[in-house]
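This report refers to the structure that appears directly beneath it.
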Amino acid sequence: MNTLQIALKLAGQPCLVVGGGAVARRKIELLVAAKAELKVVAVAPGEEVLDFCGKHGIAVERRPFDALDVAGRLLVIAATDDAEVNAEVFAACRRHGVLVNCVDRGDLSTAIFPAIVDRDPVTVGISTGGASPTLARHLRERIEILLPTSLGALAGYLGSRREQIKVAMPDAADRQKFWDRVLDSLLGDLASRGNLEGADAVLAAELASPGSTGLVSLVGGGPGDPELLTIRALRCLQRADVVYHDKLVSTGVLERCRRDARRVDVGRRAGEGGSRNRQQGINAQLVDDARRGLRVVRLKGGDPLVFSRGGEEIAWLADQDVPFEVVPGVTAASACAAIAGIPLTHRDWAQSVCFVTARAHGRLDLDWTEAAKQDQTLVVYMGLKVLASVCERLVAAGADAETPAAAVSRATLPDQRVVAGSLGDLASRVREANLKGPLTTVVGRVASLAGDTPP
Ligand SMILES: C[S@@+](CC[C@H](N)C(=O)[O-])C[C@H]1O[C@@H](n2cnc3c(N)ncnc32)[C@H](O)[C@@H]1O
């Protein structure tokens, strides 16, 4: 380790920037954000620096650097385009025992600016010890994606309740366990979203009865490719104690669950009847686990609220007073359209999109006239076995047999396929291609843009 990361409390501390160009301006902005008491010395400061400093009441002295400028400063930045001046600043700082950063010159710096991920009051600094600022920037981009923007709100909330918990729980080890538990509970989400009342209620419940605040997350697992999980879905999977998943959820997605999470397949088995009983069983399991304080994930393919009985589960959880959240996922319509190159809407061809299931309550029961309308895109879910009937009924309801249609099978999975045709011939083409489920069909002029993919 050739550097030690520490955080400087610069508020009200005397700092100096030598230089007045674009690089100096970026450092000035950082020091202002840290509330430093700042002076700028530059022979010919640029407009941007003058404007910025003017707005923030920062003194800019237009003159050459003088070694005595560094005396009494906590931190000095050398950001001129003159290597000799920068070296002079470094030497002066060394003589006065002042921390100095010479921009892009690790060898002339006793302080190096890390790449910063800012979620005030949380900051993450990434340093390569001056070896590669570009690598540090790349790492920062990755961390930016991982840390929610709401982290600052959460940190603010935790800070504001710290004393209260210290009083209620004097033992430090107990307190640490308590915070670990509540951070993994609903509290984190509530406080992040600024729902302080809700967060306080969870805090109070945890104090009164530790481990009592479980949460059910209805999570959309997307069409299959784990790369299409949302960051929030991934976070839920990685924090889950137990995951109840449907058959449709891909192995790749399931592999993203926390290693020691219990995984329960609650998908329907072939020939299994009594789907109401099955659903009641799942509902009861979700509630029982949440009441035991577990983090429960109900993981569904696609979006959890599109053709998935998610609505019934939400209603049940609300009725049972169990905290829950819904994390959306990429629904099959979007995924299938994307991989087939079909725009779901089109300025000239489709001003609306209609999602239908070919099998509501096990029956082929649709408003066919509505579904056959022109100038819209029709997306048919769960239609593999009844594809021929669906196409026939659409034509019988007035749709042109030449209307373009495309069937997309196993979208985003390694064996995905697209078969394109028209309402008149799609079913036979799909049969010939021996397409497997899950399969979604897109009907409408937009489907003319789809092309067959090789088997
Ligand atoms: C019970 S529904 C679930 C829909 C899911 N909640 C969604 O938002 O995509 C199952 C149907 O979704 C469609 N589907 C799901 N994943 C698919 C995929 N990877 N490729 C094509 N269709 C898919 C098929 O029409 C399948 O019969």
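Start at 1 and go down the list; that is how both ligands and their atoms are numbered. We count residues from 1, following the sequence as given.
From the protein, the heavy atom lying nearest to atom 15 (C) of ligand 1 is L248 CD2, 3.6 Å. Counting protein heavy atoms only, atom 12 (O) of ligand 1 is closest to Y381 CD2, 3.5 Å. Protein heavy atom at the shortest distance from atom 20 (N) of ligand 1 is A411 N, 2.9 Å. A332 CB, 3.4 Å is the protein heavy atom nearest to atom 14 (N) of ligand 1. Scanning the protein heavy atoms around atom 3 (C) of ligand 1, the nearest turns out to be F307 O, 3.4 Å. Nearest protein heavy-atom contact of atom 17 (C) of ligand 1 is P438 CG, 3.6 Å. Closest to atom 4 (C) of ligand 1, if we only count protein heavy atoms, is V306 O, 3.5 Å. For atom 5 (C) of ligand 1, the closest heavy atom belonging to the protein is G301 O, 3.2 Å.
Using a 4.0 Å cutoff on heavy atoms, T412 does not count as a contact of ligand 1. Residue contact annotation: R410 has a non-hydrogen atom under 4.0 Å from ligand 1. Ligand 1 has no atom lying under 4.0 Å from any heavy atom of G224. Residue contacts with ligand 1 include C336, since one or more of its heavy atoms lies under 4.0 Å from the ligand.
Short contacts between ligand 1 and P223, defined as distances under 4.0 Å to a heavy atom of the residue, involve ligand atoms 19 (N). Of all the atoms in ligand 1, the ones that sit under 4.0 Å from a non-hydrogen atom of V408 are 21 (C). Interface of T331 with ligand 1, defined as ligand atoms under 4.0 Å from a residue heavy atom, comprises 7 (C), 8 (O), 9 (O).
Contact record, P323 with G214: CG-O, 3.6 Å, taken as the closest heavy-atom pair.
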Next item on the list: Dump the intermediate steps for salt bridge (charged side-chain N to carboxylate O under 4.0 Å, His left out) on E141 and R137, then the final yes or no.
Entry: CA-CA 6 Å; E141 279 161 22; R137 260 202 323 276; 5.4 Å; no
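Residues V287 and R291 are in side-chain contact: their nearest non-hydrogen atoms beyond the backbone lie under 4.5 Å apart. Residues D241 and R292 fail the side-chain proximity criterion, which asks for heavy atoms closer than 4.5 Å. Looking at heavy atoms from C-beta onward, L10 lies in side-chain contact with L31 at the 4.5 angstrom threshold.
Which of T440, V380, T441 comes nearest to atom 22 (N) of ligand 1 through a heavy atom is settled by distance: it is T440.
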